[in-house]
Amino acid sequence: MGIFDKFQQLAEAREAIEKNCGDFFNIVMEDVISGTEAVVNGRTVLLAGSNNYLGLTFNAECIRAACQAVQKEGTGTTGSRMANGTFSGHVALEQELSDFFNRLNTIVFSTGYIANLAMLSTVVGSGEVILLDADCHASIYDGCRLGDAEVIRFRHNDANDLEKRLRRLTKRNTNVLIVVEGLYSMLGDRAPLADIATLKNKYGAYLLVDEAHSLGVLGQNGRGLAEETGVENSVDFVVGTFSKSLGAIGGFCTSNHPELNLVRYASRSYVFTASSSPSIIASTRTALQIMRSQPELRRRLWDNANLLYQRLKDLDFRVGPEASPIIAVRYKDAEEAFAIWDGLLERSVYVNMVLPPATPDGGALLRCSLSAAHTREQVDKIGDAFAALR
Ligand code: PMP
């Protein structure tokens with residue numbers, strides 16, 4: 001027995017998919033032309049699968065801020081936030097996020113994945129309980145695995161199921177942290193946050209909302225589903241990422257609990273990794289300002305999202321339950337999805353192919369996502385490509 005023998009099953013599964021569907025896991029963006037176009041396999045394709053919701057990856061002000069930061073502060077911090085890796089930009093960004101969310105304090109992490117690892121492995125511990133929506137992102141699951149709290153899942157977006165579990169837990173007299181997402185990353189559906197907030201208050205639990213896909217997308221000011229639903233006061237912790245609407249990489253948690261700051265000392269995910277490079281922080285700060293001052297980006301994003309969602313629905317594609325910048329087209333299996341994915345690429349449209357375990361129901365899906373940077377012509381082109389494959 002060698003250490004790689006246990007990968008045999010994985011290798012065989014991968015080989016079978018590759019034989020039937022080609023190697024779509026190793027697509028290379030050979031040249032990135034803009035926020036909406038890149039060269040793949042020598043062909044210029046329209047990008048319809050990114051998380052570049054506000055289209056800021058090529059924003060001139062963000063690029064200028066990043067370039068200036070590289071020149072002034074260098075390419076990297078080469079250190080943890082705890083040691084030499086806290087620059088004035090990290091602190092300023094934390095203050096700006098607190099100001100944006102109207103919260104007492106914010107911690108910036110190196111990625112959204114790390115933000116979830118840090119929060120879920122430290123704010124609840126032994127003898128306490130995490131109640132999480134079954135469709136939560138892998139980073140939430142991994143954060144739970146890293147910590148000592150008991151983890152109980154409730155059925156996706158099912159407030160009744162959540163209440164059943166909360167009721168049972170009252171006997172245990174323990175701290176409970178409910179964890180949900182704003183917009184779910186695969187189907188683009190919203191959490192029933194008004195009901196969840198009511199339950200949180202009724203049972204005296206804590207509530208963490210991962211607004212990774214809803215920051216900049218939902219709410220009058222772009223603060224996410226909690227803002228849109230009017231329940232921000234019931235949310236204890238908002239987690240988010242810079243890798244989607246803000247067009248960079250990084251993560252954060254913001255809260256009105258002053259004790260959030262103690263996570264800096266308690267979390268290995270904060271202490272034992274290098275902080276984000278100055279260019280990332282600079283472009284993120286600029287993107288945040290743009291997100292705040294240009295609500296028209298959000299409107300444009302939603303115009304595009306509504307247009308494509310309705311078109312695919314009218315074409316009878318099996319899309320997610322509600323219109324959203326994430327539009328999932330669902331299929332029974334990988335072969336069926338791949339045929340469409342390949343046909344779209346032939347028509348110079350790139351979407352993401354998603355297979356289990358990343359899909360919610362064991363099927364396959366084509367995950368399209370819209371951007372404020374898509375033109376009307378580009379949205380029509382995506383719709384036309386799907387229509388030709390119907
Ligand atoms: N939370 C959710 C809901 C996500 O979808 C993702 C990334 N897809 C993350 C967290 C991780 O974010 P990051 O890319 O910043 O690590």
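All ligand and atom numbering here is 1-based and tracks the order in the structure.
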Please table the atom pairs, donor to acceptor, closer than 3.5 Å between any side-chain atom in residues 144-155 and protein atoms at least two apart or in another chain.
| unit_1 | atom_1 | unit_2 | atom_2 | d |
| --- | --- | --- | --- | --- |
| Glu150 | OE1 | Arg172 | NH2 | 2.4 |
| Arg155 | NE | Asp158 | OD2 | 3.3 |
| Arg155 | NH2 | Asp158 | OD2 | 3.3 |

Cut-off 3.5 Å, no hydrogens considered: what does the side-chain donor-acceptor table look like for residues 24-34, sequence neighbours left out?
| unit_1 | atom_1 | unit_2 | atom_2 | d |
| --- | --- | --- | --- | --- |
| Asn26 | ND2 | Asp23 | OD1 | 3.1 |
| Asn26 | ND2 | Asp23 | OD2 | 3.1 |
| Glu30 | OE1 | Asn41 | N | 3.3 |
| Glu30 | OE1 | Gly42 | N | 2.8 |
| Glu30 | OE2 | Asn41 | N | 2.9 |
| Ser34 | OG | Thr36 | N | 3.1 |
| Ser34 | OG | Thr36 | OG1 | 3.4 |
| Ser34 | OG | Glu37 | N | 3.2 |

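Looking at heavy atoms from C-beta onward, Leu97 lies in side-chain contact with Phe242 at the 4.5 angstrom threshold.
With sequence neighbours excluded, no residue forms a ring pair (Phe, Tyr, Trp, His ring centres under 6.0 Å) with Tyr331.
Phe317 carries Arg390 over the face of its six-membered ring, with the cationic atom under 6.0 Å from the centre and within 45° of the normal.
Near ligand 1, Thr111, Gly112, Tyr113, Asn116, His137, Ser139, Glu181, Ser185, Asp210, Ala212, His213, Thr241, Ser243, Lys244, Gly250 each place a heavy atom less than 4.0 angstrom from the ligand.
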Exercise for the section: Under the side-chain contact (heavy atoms from CB on, under 4.5 Å) rule, what do Ser277 and Glu73 come out as? Steps first, then yes or no, please. Expected result: CA-CA 9 Å; Ser277 7; Glu73 296 173 87; over 6 Å; no
